[in-house]
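Here the structure is laid out as structure tokens; the discussion comes afterwards.
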Number of protein chains: 2
Amino acid sequence: MQLKELSERTGVSPASIKFYLREGLLPPGRSVHATRAEYSEHHLSRLELIQALRRVVGLNMAKIGSLLKMADDGVPRLELLAAVQRAVLGLDDVGTEHGDLRTPAGDAVVRFRNWPDVPSDARNSLNAHLALMESLGVPVTEDLLNAYSQAVDAIAAVNISATTAPEDVNQLIMTAAVGMHLHGQLVLKLLALAHASHAIRRYDKDA
Amino acid sequence: MQLKELSERTGVSPASIKFYLREGLLPPGRSVHATRAEYSEHHLSRLELIQALRRVVGLNMAKIGSLLKMADDGVPRLELLAAVQRAVLGLDDVGTEHGDLRTPAGDAVVRFRNWPDVPSDARNSLNAHLALMESLGVPVTEDLLNAYSQAVDAIAAVNISATTAPEDVNQLIMTAAVGMHLHGQLVLKLLALAHASHAIRRYDKDA
DNA sequence: CCCACTGGATAGTGGCTCTATCCTAGTCGC
DNA sequence: GCGACTAGGATAGAGCCACTATCCAGTGGG
């Protein structure tokens, strides 16, 4: 298919497609001759991926670009999924570049939950976040952290098993990123509802 | 104190302070005469609040403005806190304006957890989100929702009790917004770590 | 007395994500 | 053969956001 059809089938304007091509998010089509190019199903799924990452997950172009580059470079799946996690949850938006920082609280969580004691982006980000909370004067007690980690442990146990990885790289990223984002938001919204519910119950009791 | 001192004590440039004044985020100082104005501690704490909402929580000026307006209008605390929750968690960013939409899954959660069955922003937002996930083809089983809601119920039970509301409105918003944001992020990061940990364990077992 | 500071006004900056316009060369279909 | 259309390349502009800078005229504290 050519550019216009690509545009019509995805709902993305030709101008935007050109823009993505310029930015290297979308690989150039197979050039039939000087003024005609042929795009494949791969372009279609990639364009849909870009749209999903932008509109649903809310990633910026730089993050999308680096994910797509990894996919194109044939980075191993586990590594790719780790990158997706980093991008979707913004694990690298705060200072996690200072090597492996540790916090007593973070270490305690890992020990207590019997999680593997290895460095990871998630762990660094958690530690950085704990340090941030500390510095902003928001207390994080061990009890609180235990309750939180027990809860998320239960959540993780449930939805790790529901993961089936598709073969196509575009779809792998799509599934992983969209799923991660939506599940994260779901937890946040449930938490909001839980908070509101507890607050109402408490308020009613007092009243 | 005058503008410059306000600037020095908060680290916000005079130009930005003027900007906030223009935008109405910061009330004008007591005008001593045509070319001199006096700012109080209230201005200081409000400016710090604005900074925290921008830099830590990441709210945009419109949201900050509406929160501050509510505070100034002497809106009741519970209502104010609800608005904070809406702003911080972005509950109103998706279509929750269509009245009270319900989903079977959302209702089931409320019944199952024995949460009060009343409409709320959090609930509407949850239902909208469930509908979104549905429409994007991301399945949400009842089991999953039960596991999630049980987990967040436990979390909410722990940190609702740790809330002490300060008297000053600026500080109330500050504490609530910053706390909400940081705790939400903490849960997300713990969840990421939990996922990673489960994935590692699973991978190691397979290998 | 004068200089730093004031409020008010207006304009500009920089990042980000597009969107529009113009051009030439080329081809598909009639 | 010819005209409507299309690709690609280049470049400019738009629109939003959160500032940031500049200019101004007035004035009170040191």
Side-chain angles (χ1 to χ4, degrees), chain A residues 1-40 43-44 46-68 87 90 92-93, chain B residues 1-40 43-44 46-69 87 90 92-93 177:
Chain A
M1 84 197 77
Q2 38 194 76
L3 198 145
K4 203 180 187 193
E5 189 182 345
L6 196 57
S7 161
E8 277 158 5
R9 283 175 63 177
T10 55
V12 181
S13 75
S16 296
I17 294 178
K18 281 184 169 191
F19 173 67
Y20 294 146
L21 286 166
R22 274 203 304 285
E23 297 296 307
L25 292 193
L26 206 55
R30 189 172 55 82
S31 184
V32 177
H33 51 250
T35 70
R36 202 83 11 154
E38 181 71 16
Y39 300 93
S40 64
H43 288 92
L44 194 67
R46 166 144 304 192
L47 192 47
E48 278 162 356
L49 172 58
I50 292 172
Q51 284 299 97
L53 293 181
R54 286 267 327 118
R55 310 230 170 269
V56 180
V57 185
L59 298 187
N60 61 23
M61 311 236 341
K63 279 189 178 130
I64 295 176
S66 86
L67 281 183
L68 294 181
D92 45 7
D93 285 354
Chain B
M1 85 198 77
Q2 38 193 82
L3 196 147
K4 204 182 186 190
E5 189 183 344
L6 196 57
S7 161
E8 278 157 4
R9 283 173 65 176
T10 55
V12 181
S13 75
S16 296
I17 295 179
K18 280 184 167 193
F19 174 67
Y20 293 145
L21 285 167
R22 272 203 305 284
E23 297 295 308
L25 292 194
L26 206 54
R30 188 171 55 83
S31 184
V32 177
H33 50 250
T35 69
R36 199 88 7 152
E38 182 69 17
Y39 300 93
S40 64
H43 288 92
L44 194 66
R46 167 147 299 194
L47 191 47
E48 277 162 356
L49 172 59
I50 293 171
Q51 283 301 97
L53 293 180
R54 284 277 317 123
R55 310 229 170 269
V56 180
V57 185
L59 299 187
N60 61 23
M61 309 236 345
K63 281 191 178 125
I64 294 177
S66 86
L67 281 183
L68 295 181
K69 189 172 176 310
D92 45 7
D93 286 355

Considering residues at least two apart in sequence or located in another chain, which fulfil the side-chain contact (heavy atoms from CB on, under 4.5 Å) criterion with [X]?
X        : result
Glu8(A)  : Lys4(A)
Ser40(A) : His42(A), His43(A)
Ala52(B) : Met174(B), Val178(B)

Legend entry - Side-chain heavy atoms of Leu67(B) within contact of Leu59(B), under 4.5 Å: yes
Inset, instruction - Evaluate the side-chain proximity of Tyr39(A) to Leu3(A): yes if any heavy-atom separation is below 4.5 Å, no if none is. - result: yes
Inset, instruction - Quick one, give me the B/S/- string for nucleotides 12-27 of chain D, reading 5' to 3', where B means a protein heavy atom under 4.0 Å from the base and S means that only happens at the primed atoms, P, OP1 or OP2. - result: ------SBB-----BS
Inset, instruction - List in chain and number order the residues that pass salt bridge (charged side-chain N to carboxylate O under 4.0 Å, His left out) with Glu38(A), two or more places apart in sequence or in another chain; answer none if no residue qualifies. - result: none
Inset, instruction - Using the salt bridge (Lys or Arg N to Asp or Glu O under 4.0 Å) rule, collect all pairs that involve residues 46-56 of chain A, keeping only residues at least two apart or in two chains. - result: Arg46(A)-Asp72(A)
Inset, instruction - Would you indicate what Leu3(B) reaches in the nucleic acid, counting non-hydrogen atoms under 4.0 angstrom: base, sugar-phosphate, or nothing? - result: sugar-phosphate
Legend entry - Rounded interatomic separation in angstrom, taking NZ from Lys4(A) and C1' from dG8(D): 16 Å
Inset, instruction - Identify the 5'-most and 3'-most nucleotides of DNA chain C with at least one atom closer than 4.0 Å to a non-hydrogen atom of chain B. - result: dC5(C) to dT10(C)
Without placing hydrogens or testing angles, list every side-chain donor-acceptor pair under 3.5 Å for residues 16-32 of chain A, not counting sequence neighbours.
residue  : atom : partner  : partner atom : Å
Ser16(A) : OG   : Ser13(A) : OG           : 3.0
Ser31(A) : OG   : His33(A) : O            : 3.3

